[in-house]
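Notes follow once the structure below has been shown.
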Amino acid sequence: MSELNLELSNVSYAYEEGAKRLQILEGANLTVKRGELVALVAPSGAGKSTLLHLGGLLERPQDGEVSICGDATSLLSDRERTRMRRGTVGFVYQFHHLLPEFSALENVAIPQMIAGKSAADAQNRARTLLDSLGVGPRASHRPSELSGGEQQRVAIARAAANNPNLILADEPTGNLDPDTSNLVFDALLVLIKENQSSALIATHDHDLARRADRVVTLKGGEISDLKL
Ligand code: ADP
């Protein structure tokens, strides 16, 4: 089993619009180990979301290799990439995107049922995850009846529902107050350490980023370690 849940080797990516070319990554390298939570801190527009999309196989680099759990992905078909993404990657966004008509429990159970689990097993796991994230007592409520921090913790439970090796989070605490941000970040840390999975988390919040195992930034097309 690979020690690296995410590896970018010599990755280049540019947006092209007509004659214009916006180079986001150029020969960039990044590793995220099993059990490691890495914070990604860079100014708005630097390319954080793009990097998360590349890591989550939502985009293909124009050059270089993205490997997930030791498996190279550049030669895979779209269908194979989708299968790999479903099996290994969980996403958390700034706005939770929970399904409004369903309870917190159902929001965490549904992705597991889509992946083939029975309703009973999916609900059991959903309950365990919501408990461990401190939102068990809110399990039967719909998203609109939850606070922002509770909604985000449910979104984290949903991202973790199918046991992904890698959680990719895009400003998950971006619209939360500092105390709630801390709670949500703690929840992510506990999850990563307990499951020995990995996370790459884009954040503007330097206080939170300092609590990650490592901080990286994105500049001039390269990814480098950042000391905060
Ligand atoms: P961040 O997440 O750090 O704010 P993004 O990855 O969203 O940065 O965007 C990086 C740059 O790429 C920005 O200048 C943005 O405007 C541009 N960009 C993002 N998506 C596209 C796209 N689909 N087409 C063209 N340019 C894009």
Side-chain angles (χ1 to χ4, degrees), residues 5-32 36-68 73-74 76 78 81-82 84-85 88-98 148-149 151-152 155-156 158-159 164 166-178 180-181 184-185 188-189 192 198-228:
N5 279 356
L6 176 64
E7 182 174 22
L8 271 65
S9 307
N10 260 313
V11 165
S12 296
Y13 188 86
Y15 289 108
E16 309 206 20
E17 282 179 332
K20 273 200 286 182
R21 192 179 160 82
L22 181 60
Q23 193 78 38
I24 305 287
L25 295 176
E26 196 161 14
N29 295 293
L30 172 70
T31 57
V32 184
E36 193 177 39
L37 185 146
V38 176
L40 170 62
V41 175
S44 186
K48 299 182 296 298
S49 302
T50 307
L51 172 55
L52 294 176
H53 288 166
L54 287 163
L57 310 183
L58 293 169
E59 296 284 347
R60 279 179 191 269
Q62 281 115 8
D63 204 1
E65 185 63 82
V66 175
S67 300
I68 303 220
T73 61
S74 61
L76 298 181
D78 285 346
R81 287 163 62 86
T82 300
M84 184 182 270
R85 182 186 321 117
T88 56
V89 183
F91 290 94
V92 183
Y93 299 96
Q94 179 172 1
F95 299 101
H96 53 76
H97 300 305
L98 295 170
Q151 289 171 355
Q152 240 358 10
I156 291 170
R158 177 187 53 182
L166 180 63
I167 290 186
L168 298 170
D170 202 348
E171 307 271 2
T173 63
N175 61 344
L176 303 175
D177 62 71
T180 311
S181 295
V184 168
F185 197 82
L188 264 169
L189 264 174
I192 298 307
S198 312
L200 179 60
I201 300 180
T203 178
H204 280 301
D205 188 329
H206 287 199
D207 289 333
L208 285 187
R210 274 190 210 99
R211 295 173 50 209
D213 296 307
R214 209 148 59 77
V215 186
V216 297
T217 191
L218 214 172
K219 202 175 171 190
E222 293 186 356
I223 301 165
S224 55
D225 284 321
L226 182 67
K227 194 106 192 92
L228 286 179

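Whatever order the structure lists them in is the order used to number ligands and atoms, beginning at 1.
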Check: residues 36-51 side-chain donor-acceptor pairs under 3.5 Å, at least two apart:
unit_1 : atom_1 : unit_2 : atom_2 : d
Glu36  : OE1    : Lys33  : N      : 2.8
Glu36  : OE2    : Arg214 : NE     : 3.0
Lys48  : NZ     : Ala42  : O      : 2.9
Lys48  : NZ     : Pro43  : O      : 3.1
Ser49  : OG     : Asp170 : OD2    : 2.8
Thr50  : OG1    : Tyr15  : OH     : 2.9

### Query
Please state which protein non-hydrogen atom is closest to atom 26 (N) of ligand 1 and give its distance, to 0.1 Å?
Tyr15 CG, 3.5 Å

### Task
Would you mind listing which atoms of ligand 1 come within a distance below 4.0 Å of any non-hydrogen atom of Pro43?
3 (O)

### Side-chain H-bond candidate by donor/acceptor type, Glu65 with Ser74, under 3.5 Å
yes

### Task
Using the side chain to side chain contact (heavy atoms under 4.5 Å, CB included) rule, take Ile201 and Phe185 through it: C-alpha gap first, then chi angles, then the decisive distance, then the call.
CA-CA 10 Å; Ile201 300 180; Phe185 197 82; 4.3 Å; yes

### Task
Using a strict cut-off of 4.0 Å, indicate which atoms of ligand 1 neighbour a heavy atom of Ser44.
4 (O)

### Task
Evaluate the side-chain proximity of Leu30 to Glu7: yes if any heavy-atom separation is below 4.5 Å, no if none is.
no

### Contact atoms of ligand 1, heavy-atom distance to Lys48 under 4.0 Å
1 (P), 2 (O), 3 (O), 4 (O), 6 (O), 8 (O)

### Task
Mark yes when over 12 heavy atoms from residues, nucleotides or ligands other than Gln23 sit less than 6.0 Å from its CD; otherwise mark no.
yes

### Message
Quick one about Ser198 and Asn5 (side-chain donor to acceptor, distance below 3.5 Å, no hydrogens or angles considered), yes or no?
### Response
yes

### Query
What do you reckon, does Ala202 put a non-hydrogen atom under 4.0 Å from ligand 1?
no

### Message
What's the separation between atom CG in Leu228 and atom CZ in Arg211, rounded to the nearest 0.5 Å?
### Response
13.5 Å

## Note on the structure
Under 4.0 Å from one or more heavy atoms of Glu17, ligand 1 contributes atoms 24 (N), 25 (C)

### Task
Decide whether an N or O pair under 3.5 Å exists between Ala46 and ligand 1.
yes

### Task
Give me the ring orientation class for Tyr93 and His97: parallel if the planes are under 30° apart, tilted from 30 to 60°, perpendicular past 60°.
perpendicular

### Task
Starting from atom 15 (C) of ligand 1, find the nearest protein heavy-atom neighbour and note its residue, name and distance.
Leu22 CD2, 4.5 Å

### Task
Give a yes/no verdict on whether any heavy atom in Gly47 is under 4.0 Å from an atom of ligand 1.
yes

### Task
Look at atom 9 (O) of ligand 1 and find which of Leu52, Thr50, Leu25 reaches it with the closest heavy atom.
Thr50

### atom 10 (C) of ligand 1 [closest protein heavy-atom partner, distance rounded to 0.1 Å]
Gly45 O, 3.2 Å

### Query
Should you measure from each heavy atom of Ile24, which atoms of ligand 1 turn up under 4.0 Å away?
10 (C), 11 (C), 12 (O)

#### Entry: Nearest protein heavy atom under 4.0 Å from atom 7 (O) of ligand 1, yes or no
yes

#### Entry: Close side-chain approach of Ile24 and Leu22, heavy atoms under 4.5 Å
yes

